[in-house]
> 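The structure is given below, and queries will be raised subsequently.
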Amino acid sequence: MINSKNDHWDAIVIGSGIGGMTAGAALSRVGHKVLLLEQHQTLGGLTHSFSRDGFTWDVGLHYLGGMAPEDRNREMLDWLCETPIDFVSLGSVYDILHIGWSEPLPLSRPYEAQERDLKDRFPDQTEAIEAWTHALREGRAAMYKIFPTRAMPEVAGDMLDWWNRRALAKWCARTTKEVIDDITDHPELAAAMAAQWGDHGGLPSKASFAMHALISGWYLWSGSWYPVGGSAAFADHITPTIAKNGGETRAGVRVEELLIEDDTVVGVRTDDGTEIRADAVISDIGVRETIDNLLPADCGHEDWIAEIRALPSSIAHYTLFIGFEGDIEAAGATKANHWIYPTGEVDALWTSAPDGEPPCMVASFGSLKNPKHDPGPKQKHMGQFMVWSDWDSVAKWADQPARERGEDYADFKRRVEVTMMAQFERYFPDLAKLIVHCELATPLSTVSYTGHREGAFYGLDVTPERVMSDALRAQTPIPGLYLAGQDVASPGVPGALWGGLLSAASVDPKVFPKFRG
């Protein structure tokens, strides 16, 4: 049993991802005593880091948008942190596209610079490229019209949606592919426009264009950034805010179920039987996971639950965590990420794992982005090689404990690693010679660390139905239960940050003025 100095909390937050830490810190800033619970021994969710053989990798962070000093996201993050996080700019070029066998296409920011990048490559597509820039700006603005409704009473939110109905129908209710198809029929330009879909996890044929525009806009608007010291800086700087204001953060505590009395959530029960009570409970583990894993079957609210369960999960992924020794910049590594589409087809997942050629790969070199990284005399550096995939390839092992999946799973992982390494060597032959360590994470790893259904890296898929859904408000229909994180707002660190803020503001409106002006 856990002994606490406080038998009753103003709020309990389940999950220490960015959304959970943000919600807890925001409520702490306005006077609440918050208890944050994390099932793993390390706080931070997908912003935590891990180490092997002298190498340290960030689990889920490759770069950040919206973190320029004058950006609202940065201002809010500074308010949440006990001491501000330092960020470093990754420069004007933040992504490099490899589409088919065409020359690599560097993409820079802001909007005007990227427009020039595309015009230089596709000089006969000037009108289409300008239309694309316009669409990105308008789509981003449309998505920002939806965010406030997630922390509003249903009637007020519906009124705001009605007021903005034309913009929402034009940009939020159409897919990225539909918008691109209206702009150009040039296949390579269309591929370049859609290529960065992995930043939000929605295939171009399925994702709401407004979500694509929003995530792209964070980089185009204020550049690409990286936290000094790596992604563990988020937990290091945000969680002290909770403690300083009378709260606690506890790692290694798994919440088994929500406590419900008189149809109201009044606390949580942990897996050792401890009951902890609070005036509000905020879940940052994902809305589908909250419903499936924490709510009793007889809690009611069938319509809300059915609407949530009808929303599909996001994509899964495989990642090779790679350790190098040597001069990786001379061998081809860059601060910019590399998006690789061998066939030129961008609207595809690796559905044939471990066999066949992955259709979409991303290479990122985190140690080059972190100014605090000391490579030492052996010039130790870290990189990640990611492949977007479906869940089906690992589904048959999903119900087996991690250490009991047998030799067939071990063989499967070895074959995945061989296939991915062959592709890495194909695009980065000199870098491949410097590899001294390699470790594979599969979609089952994502389930293990996040609990996300089907290894969904980004939670719910960013379909038009998800973007337009009224079921994803921060305040659920169940009194006392609130949602935070990616599912409330949008994928990625900035989206999860806003999901946490919207959740905190739904618990206590005193949070609203802090991020409205």
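Note: hydrogens, waters and symmetry copies are ignored here, and every other heavy atom, side chains too, is used.
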> Between atom CG of Leu136 and atom CD of Glu138, what is the distance when rounded to the nearest 0.5 Å?
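Separation between the atoms: 10.5 Å.
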> Look at the side chain of His48 and the backbone N and O of Gly45, then say whether any donor-acceptor pair between them is shorter than 3.5 Å.
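Looks like yes, one N/O pair under 3.5 Å.
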> For the aromatic rings, using the six-membered ring if either is Trp, is the centroid distance between Tyr63 and Tyr219 under 6.0 Å?
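They qualify: ring centres under 6.0 Å apart.
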> Under 3.5 Å, is there a donor-acceptor pair between the side chain of Asp461 and the main chain of Pro312?
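Checked: no pair found.
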> Can any side-chain N or O of Glu417 pair as donor or acceptor with the backbone N or O of Leu320 at less than 3.5 Å?
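No; judged by distance alone, with no hydrogens or angles, the pair does not exist.
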> For a 4.5 angstrom cut-off between non-hydrogen side-chain atoms, does Trp339 reach Asp199?
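Heavy-atom side-chain distance check passes, below 4.5 Å.
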> Is it the case that the side chains of Glu70 and Ser222 hold a donor-acceptor pair, with the cut-off being a distance below 3.5 Å and no angle test?
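Short answer, no.
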> Does the side chain of Asn73 come within less than 4.5 Å of Trp498's, by heavy atoms?
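They are in contact (side-chain heavy atoms under 4.5 Å apart), so the answer is yes.
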> Quick one: do Val13 and Leu27 satisfy side-chain contact (heavy atoms from CB on, under 4.5 Å)? Show the steps, please.
CA-CA 10 Å; Val13 179; Leu27 288 174; 5.6 Å; no
> Of all heavy-atom pairs between Gly344 and Ile99, which one has the smallest distance, and what is that distance?
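Where Gly344 meets Ile99 most closely, the heavy atoms are CA-CG2, 3.8 Å.
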> Rounded at 0.5 Å granularity, tell me how far CG in Leu36 sits from CG in Leu43.
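Answer for the CG-CG pair, Leu36 versus Leu43, is 6.5 Å.
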> Are the side chain of His437 and the backbone of Met382 linked by a donor-acceptor contact shorter than 3.5 Å?
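Judged by distance alone, no pair lies under 3.5 Å.
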> Does this structure show an ion pair linking Glu357 with Arg426, if we count only N-O contacts that are shorter than 4.0 Å?
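Arg426 and Glu357: salt-bridged.
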> Listing request: all side-chain hydrogen bond (donor to acceptor under 3.5 Å, both in side chains) pairs with a residue in residues 182-192, at least two apart in sequence or in separate chains.
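Checked against side-chain hydrogen bond (donor to acceptor under 3.5 Å, both in side chains) - neighbours excluded - the pairs reaching residues 182-192 are Ser102-Glu188, Gln125-Thr184, Arg174-Asp182.
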> Considering only heavy atoms from C-beta outward, does the side chain of Trp197 approach that of Thr176 to under 4.5 Å?
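Trp197 does not reach Thr176 side chain to side chain.
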> Look at atom OH of Tyr449 and say whether more than 12 heavy atoms of other residues, nucleotides or ligands are closer to it than 6.0 Å.
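Incorrect, the count does not exceed 12.
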> Step by step, work out the side-chain contact (heavy atoms from CB on, under 4.5 Å) result for Ile282 and Val507.
CA-CA 9 Å; Ile282 298 171; Val507 173; 4.0 Å; yes
> Quick check on Lys380: does its NZ atom have over 12 non-hydrogen neighbours (other residues, nucleotides or ligands) under 6.0 Å away?
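Yes, enclosed.
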> Report the relative orientation of the aromatic rings in Trp171 and Phe209; use parallel for angles under 30°, tilted for 30 to 60°, perpendicular for over 60°.
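Rings of Trp171 and Phe209: tilted, as their planes differ by 30° to 60°.
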> Do side-chain atoms of Thr241 reach the backbone of Ala25 as a donor and acceptor pair under 3.5 angstrom?
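Not at all, since once roles are kept as given, no pair shorter than 3.5 Å links the two residues.
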> Show the nearest heavy-atom pair for residues Tyr458 and Pro491, with the distance to one decimal.
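Smallest interatomic distance, heavy atoms only, reads CD2-CB, 3.4 Å.
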> Considering the options Trp388, Tyr318, Tyr341, which one meets the ring pair (Phe, Tyr, Trp, His ring centres under 6.0 Å) requirement together with Trp350?
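Single ring pair (Phe, Tyr, Trp, His ring centres under 6.0 Å) partner of Trp350 among Trp388, Tyr318, Tyr341: Tyr318.
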> Is there a ring-ring contact (aromatic ring centres under 6.0 Å, His included) between Phe428 and Phe385? Walk through the geometry before answering.
CA-CA 11 Å; Phe428 304 99; Phe385 195 53; 7.0 Å; no
> Applying side-chain hydrogen bond (donor to acceptor under 3.5 Å, both in side chains), run through Thr351 and Asp390 and close with a yes or a no.
CA-CA 6 Å; Thr351 58; Asp390 65 354; 5.2 Å; no
> What closest approach, in Å, do Ala68 and Arg74 show between heavy atoms, and which atom pair accounts for it?
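Shortest heavy-atom contact: O-CB, 3.1 Å.
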> Please identify which of these residues, Lys335, Arg109, Gln114, meets the side-chain hydrogen bond (donor to acceptor under 3.5 Å, both in side chains) condition with Tyr94.
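Among the candidates, only Gln114 passes.
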> State whether the side chain of Ser231 and the backbone N or O of Pro227 hold a donor-acceptor pair below 3.5 Å, judged by distance alone.
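No, because the side chain of Ser231 does not come within donor-acceptor range (under 3.5 Å) of the backbone of Pro227.
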> Measure the shortest side-chain to side-chain distance between Phe457 and Leu46 over non-hydrogen atoms and say whether it is less than 4.5 angstrom.
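A side-chain contact under 4.5 Å exists here.
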> State, to 0.1 Å, how close Leu349 and Ser389 come at their nearest heavy-atom pair, and which atoms those are.
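In this case the closest contact between Leu349 and Ser389 is CD1-O, 3.7 Å.
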> Compare all side-chain heavy atoms of Leu189 with those of Trp132 and state whether any distance is below 4.5 angstrom.
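No; the side chains remain at least 4.5 Å from each other.
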> Residues two or more places apart in sequence or in another chain: which of them pass side-chain hydrogen bond (donor to acceptor under 3.5 Å, both in side chains) with Gln384?
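Once residues adjacent in sequence are excluded, the partners of Gln384 under the side-chain hydrogen bond (donor to acceptor under 3.5 Å, both in side chains) criterion are His62.
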> Any chance you could measure Ile315, atom CD1, to His200, atom NE2, to the nearest 0.5 Å?
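One finds 9.0 Å between CD1 of Ile315 and NE2 of His200.
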> Using only atom types and a distance under 3.5 Å, with no angle test, would you say the side chain of Asp487 pairs donor to acceptor with the backbone of Val287?
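Side chain of Asp487 to backbone of Val287, a donor-acceptor pair under 3.5 Å: yes, one is there.
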> For the pair Asp86 (side chain) and Val228 (backbone), establish whether a donor and an acceptor sit closer than 3.5 Å, ignoring hydrogens and angles.
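Not at all, since once roles are kept as given, no pair shorter than 3.5 Å links the two residues.
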> Could you tell me whether Arg137 sits above the aromatic face of Tyr111, with NZ or CZ closer than 6.0 angstrom to the six-membered ring centre and within 45 degrees of the axis?
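Verdict for Tyr111: a cation-pi partner in Arg137.
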> What is the distance from atom OG1 of Thr47 to atom CD1 of Ile238, rounded to the nearest 0.5 Å?
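Reported value, rounded in 0.5 Å steps: 7.5 Å.
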> Could you report the tightest heavy-atom contact between Ala235 and Pro240, atom names first, then the distance?
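Nearest heavy atoms, Ala235 then Pro240: O-CD, 3.7 Å.
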> Under 3.5 Å, is there a donor-acceptor pair between the side chain of Glu454 and the main chain of Ala456?
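Checking the backbone N and O of Ala456 against the side chain of Glu454, no donor-acceptor pair under 3.5 Å is found.
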> Has Glu112 got more than 12 heavy atoms of other residues, nucleotides or ligands less than 6.0 Å from its CD?
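Check passes, neighbour count above 12.
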> Check whether any side-chain heavy atom of Ser208 lies under 4.5 Å from a side-chain heavy atom of Arg466, and answer yes or no.
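Not in contact.
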> Please walk me through it: do Met421 and Ile435 pass side-chain contact (heavy atoms from CB on, under 4.5 Å)?
CA-CA 10 Å; Met421 189 58 69; Ile435 294 175; 3.6 Å; yes
> Answer yes or no: are there more than 12 heavy-atom neighbours, outside Glu425 itself, under 6.0 Å from its atom CD?
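Atom CD in Glu425 is not crowded, with 12 or fewer foreign heavy atoms closer than 6.0 Å.
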> To the nearest 0.5 Å, how far apart are OG in Ser92 and CG in Leu107?
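These two atoms lie 11.0 Å from each other.
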> As a quick check of understanding, evaluate side-chain hydrogen bond (donor to acceptor under 3.5 Å, both in side chains) for Gln196 and Ser216, giving each step before the final call.
CA-CA 8 Å; Gln196 295 155 293; Ser216 299; 4.9 Å; no
> Hey, could you give me the CG/NZ distance between Asn337 and Lys369, rounded to the nearest 0.5 Å?
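One gets 3.5 Å once the value is rounded to the nearest 0.5 Å.
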> Is atom CD of Glu103 surrounded by more than 12 heavy atoms (other residues, nucleotides or ligands) closer than 6.0 Å?
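Counting other residues, nucleotides and ligands, CD of Glu103 stays at 12 neighbours or fewer.
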> Please report the C-alpha distance between Phe87 and Leu77 in whole Å, then the side-chain angles of each, then the deciding distance to 0.1 Å, and finally whether the side-chain contact (heavy atoms from CB on, under 4.5 Å) criterion is met.
CA-CA 11 Å; Phe87 289 88; Leu77 188 60; 3.6 Å; yes
> Students often mix this up, so state it plainly: with edges at 30° and 60°, are the rings of Phe321 and Trp57 parallel, tilted or perpendicular?
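Correct class here is perpendicular.
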> Would you call Thr175 and Pro464 a side-chain contact if the rule is heavy atoms closer than 4.5 Å?
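When only atoms from C-beta onward are counted, Pro464 and Thr175 do touch, with a gap below 4.5 Å.
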> So do Leu472 and Ile308 actually touch side chain to side chain, heavy atoms under 4.5 Å?
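A side-chain contact under 4.5 Å exists here.
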> Within the distance-only criterion (no hydrogens, no angle test), does the side chain of Ser16 pair as donor or acceptor with the backbone N or O of Gly44 below 3.5 angstrom?
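The answer is yes, because a donor-acceptor pair under 3.5 Å joins these two groups.
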> Can you see which heavy atom on Met361 is nearest to which on Val387, and at what distance?
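So the two residues come closest at CG-CG2, 3.7 Å.
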